[in-house]
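Quick notes on the structure that follows.
Whatever order the structure lists ligands and atoms in, that order sets their numbers, starting from 1.
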Amino acid sequence: MNKEGFIKWPMYGHREKELLEETLKSGNWWRMSGSKVKEFEKLFAKAHNAKYCLGVSNGTHAIELALAALNIKKGDEVIIPAFTFISTFNAPIYEDIVPVPVDVDPDTFCMLPEAFEEAVTDRTKAVIPVHMAGHMCDMVRISQVAKKHGIKIIEDAAHAHGAAYKGSYAGEYSDAATFSFQNGKIMTCGEGGAIITNNEKLYERLYLIHGVGRPDGDKVYQHKLLGSNDRMSEFQAAILIAQLERLKEHNRKRTENACYLDTILGDIEGIKPQKQSSKITINSHYMYMFYYDKSYFNQIARDEFVRLLNENNIPAFIAYPVVSQTEFARNKDFRDHISMDYTQYDHALTNAINIAENVVWLPHYCLLSSKEAINRIGEVILHIQNGENKNGK
Ligand SMILES: *Cc1c(COP(=O)(O)O)cnc(C)c1O
């Protein structure tokens, strides 16, 4: 806990230390001889009612692997939300697949099922909905559209560990769901990822591709198919076993505090928090996001507003850019993986552009902090609004 009352992230306790030390002493530091990755996979699958889980190197590789294992190839198209972290866009490009960005809901920031359906062509092979900030997408409608057109679904659940929609966790309505355990995520081992699926054949392919084609336990250099090395190490898994033990309670506490923060910020003119659909059972609240309207803040630009929050020791960031409007996408610099002029999609991405330009977010650990710390967020924002922005003076 720092002096402003926000907890420090990442968080660890005696369990992380104990499991790391066990791993260190075991002499088994990679999954092919150790037991920690296997144990973590079992626990993480169970936490999401899934049959299979594969631990991998990170969340970006998890998406690449899922695309490869589903046989989606060069020249195919996958539909993604325009408002997401860049990996949802980059992973297909790395597999020579063309990502097609579609618009998101202005309230929940999640992919619009109707925008997804409109973007389907005969080249569309998959859709990658992103559960933005822990708010799950409308998976019933997305899976109906996908089924109708014979399209695979990979859920990008990098924000949605333990999140649920209509009582179902990520992985239930899709072919596979991918997760990230990068430093800022709600469970972390610094860098890491996972894929869950209920499809045994797909799991076997994922396993082979993630470990240079070698089956589990191989000692005689079998390379059954072309694969790279995306394996998770035993140390990553040791930390994640401990992190998973806190997930449920953390999701509960963040939900409680997000509701509380909604009541505080909901009263401030010019601040409009991300809304929650009634179909959400558990929102994991990876980010607390809100629209910022500078016309209620003496025309203070969003960047300056974020800087003032930071100056007052409130962690805050501007929203992701629209993936297809990033510098390399604008320069059409895809290093020959694909060739595409993404400006043709700009007109259809109104909501995503508005979010990218006007939204501010607070990290999840703000919601694990005390009520006093959360009250202070509202107080500081009001001070800024009233032009008293120098440390509340
Ligand atoms: C963090 C994140 C990823 C990528 O995960 P890494 O582990 O950092 O590679 C993918 N998608 C989304 C939406 C993310 O936020």
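- Ranking protein heavy atoms by distance to atom 11 (N) of ligand 1, first place goes to Asp156 OD2, 2.8 Å.
- Considering both main-chain and side-chain atoms, Gln182 never comes within under 3.5 Å of ligand 1 through any nitrogen or oxygen pair.
- Within ligand 1, counting atoms from 1 as listed, the ones closer than 4.0 Å to a heavy atom of Tyr320 are 15 (O).
- No more than 12 heavy-atom neighbours from other residues, nucleotides or ligands sit within 6.0 angstrom of NZ on Lys332.
- Environment of CD in Gln299: crowded, with over 12 heavy atoms of neighbouring residues, nucleotides or ligands closer than 6.0 Å.
- Between Phe235 and Trp29, a ring centre-to-centre spacing shorter than 6.0 Å is recorded.
- Tyr291 and Asn354 are not linked by any side-chain donor-acceptor pair at a separation below 3.5 angstrom, with hydrogens and angles left out of the test.
- Contact between Ala91 and ligand 1 is absent, with no heavy atom of the residue lying under 4.0 Å from the ligand.
- Assignment of Phe89 to the shell around ligand 1 is not supported, since no heavy atom sits closer than 4.0 Å.
- Each of the following atoms of ligand 1 lies closer than 4.0 Å to a heavy atom of Gly192: 7 (O).
- Cation-pi geometry between Lys279 and Tyr165 is not met at under 6.0 angstrom from the ring centre and within 45 degrees of the axis.
- The closest approach between any non-hydrogen atom of Glu191 and ligand 1 is not below 4.0 Å.
- Considering backbone and side-chain atoms alike, Lys185 places an N or O below 3.5 Å from some N or O of ligand 1.
- In this model, a donor atom of one side chain and an acceptor atom of the other lie less than 3.5 Å apart for His131 and Glu155.
- A salt bridge between Arg302 and Glu357 is absent, with no side-chain N of the basic residue lying under 4.0 Å from a carboxylate O of the acidic one.
- Judged by distance alone, the side chains of Asp96 and His337 do bring a donor and an acceptor atom under 3.5 Å apart.
- What sits closest to atom 12 (C) of ligand 1 on the protein, heavy atoms only, is Ala158 CB, 3.4 Å.
- Looking at Thr84 against ligand 1, only its side chain comes within 4.0 Å, counting heavy atoms.
- For Phe181, no nitrogen or oxygen atom sits less than 3.5 Å from a nitrogen or oxygen atom of ligand 1, counting backbone and side chain alike.
- Shown in contact with His159 at under 4.0 Å from a heavy atom are these atoms of ligand 1, numbered in order with element: 13 (C), 14 (C), 15 (O).
- Taking every heavy atom of Asn58 and a limit of under 4.0 angstrom, the matching atoms of ligand 1 come to 7 (O), 9 (O).
- Remark: aromatic rings of His48 and Phe179 are close, center separation under 6.0 Å.
- Where the criterion is an N or O separation shorter than 3.5 Å, residue side chain and backbone included, Thr60 meets it with respect to ligand 1.
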